[in-house]
Visitor: 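I am attaching a structure below and will ask some questions about it afterwards.
Since the structure is predicted, the reported quantities are computational estimates derived from the model, not experimental observations. Indexing begins at 1, ligand by ligand and atom by atom, following the structure's order.
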Amino acid sequence: MKAILFYNHGNADVLEYSDFPTPDPGPGQALVRLKAAAMNRLDLWVREGWPGLKLEYPHISGADGAGEVAALGDGVKTWSVGDRVVINSNLSCGACEYCLSGMDNRCVNWGLLGETQRGTYAEYIEVPARNLFPLPEGFDEHTAAAAALVYHTAWHSLISRGNLKPGETVLIIGASGGVNLASLQIAKLAGATVLVVGSRPDKLALAESLGADHLIDRSQEKNWFEAVYQLTEKRGADMVVDNVGTTFPDSFRAAGRGGRILTVGNTGNPRIEIDNRFIFAKHLSLIGSTMGTHSDFKKVMPLVFSGRLQPVLDRAYPLSEARAAQERLATGDQMGKITLAIN
Ligand SMILES: [Zn+2]
C-alpha cells in the first residue's frame, strides 16, 4: 500500500510518500481501506517528537480516518467486508479496572492511533474491530474523519467531565483549532451562552458563524478577562475551555464563582505559574482530560451524522501531498480541519 512514512523526527521534510506492507488483520482486528484521514496538531508534535516518545520506525501519523472494512481477523462477527466506518482512535485494553468501569480513556495500557501505533496517513489501517463505528449511507468520509477526534475530545471534556448545563456561560480561549470549534458547537447544542476570545478577525467571524454569542478580540482587549466580566454582568464564566495553557492566569480571573476550567492540552506552553488564591477564593475546579470513552463516541458521532454538529472543513489534499498539508496546519492559517483524500 501507499503511506506517508517517516524514519526520524524533524520538520515536514522527513515525510515520505512511499510503499509499506498492507497490514494483515489479527484476531479481533479489522482492516480498513481508508477514503479520508483528518489531520490534528498532535500529528505535528509526534513528527517533531518529545522526550520519552518512542516510535516504531517507519512511523505513520494520523489518528482520524474513515473508509470501509476490507478484511476481518479471526473472531470478528460484528462487521462485514464493505461496511462503511469511521474510526475511534482511542486504543484501550478492555480489561483493566478503568476499562471495566467505562472509563477506557484512562486505561493503564491506553494508546492512540498515529502515536503509539501506526496511523491513518495510509491506504489501509489495522484497528481493533470494536474501534469502528458505522458511517451512515451517503455520509461524507472527510466530514466523519474531521469530526472524530475533536468532537469526541470536546464532548468528553464539556459534557462527561464538565457536566455542562443549559443556561450556563462558556468561555472558549481561542477562535480556531478543531477542539475549540467543536467545543463551541457542543456548548451551543447544550444550551449554553458562548463567549470566544480570539485574535484574528477571520477566525472570530468563523466562531460567530458557528453560533458564538459574544466575541472578544484579544488584539484589541489586552485584559480580555475584564471584557468577560462586563459581558456576564460581573458574574464571570461558569466554564472556561482553555487549551492554550499560558492563559490559565487570565482564565482564573475570567471564571465566576464555582467556575470550572477545562483543559485537554496546551497550544501555548505546558508550564504556568498559578495563583492559588483564585482557586480557593472563587471555588474553582480544574478539570483535565484526554480524548474520550467508547460511550462518548457513541453519543457524539450520531449528532455529527444528523447535522446537529457540523465540522468545518478547510482543504483536502491528496495523500501524496501530506507534507504540504502539514505545512499548512503548522501555519495556523487554516479555517477548520485539513483532510487527506485516499483511495
Ligand atoms: Zn484498560
Visitor: In the structure I gave you, are the side-chain heavy atoms of I216 and V196 within less than 4.5 Å of one another anywhere?
Guide: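 Contact flag for I216/V196 side chains = no.
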Visitor: Under 2.8 Å from the Zn ion (ligand 1), which protein atoms of type N, O or S occur, listed by chain and number?
Guide: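 As for protein N, O or S atoms lying under 2.8 Å from the Zn ion (ligand 1), they are C93 SG, C96 SG, C99 SG, C107 SG.
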Visitor: Regarding D104 and N90, is there a side-chain donor-to-acceptor distance under 3.5 Å anywhere?
Guide: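 There is no such pair between these side chains.
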Visitor: Going by ring pair (Phe, Tyr, Trp, His ring centres under 6.0 Å), name the pairs with one or both residues in residues 295-328, residues two or more places apart or in two chains.
Guide: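 Matches after skipping sequence neighbours: F133-F297, F139-F305, H152-F297.
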Visitor: Can you tell me if N105 and T293 form a side-chain donor-acceptor pair at under 3.5 Å?
Guide: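 Absent: no donor and acceptor within the cut-off.
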Visitor: Compute whether any side-chain donor of one residue and acceptor of the other, for D242 and T247, lie under 3.5 angstrom apart.
Guide: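 On atom types as modelled, these side chains qualify, holding a pair under 3.5 Å.
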Visitor: Is there a donor in the side chain of R47 and an acceptor in the side chain of Q326, or the other way round, less than 3.5 Å apart?
Guide: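 Checked: R47/Q326 side chains pair up, N/O donor to acceptor below 3.5 Å.
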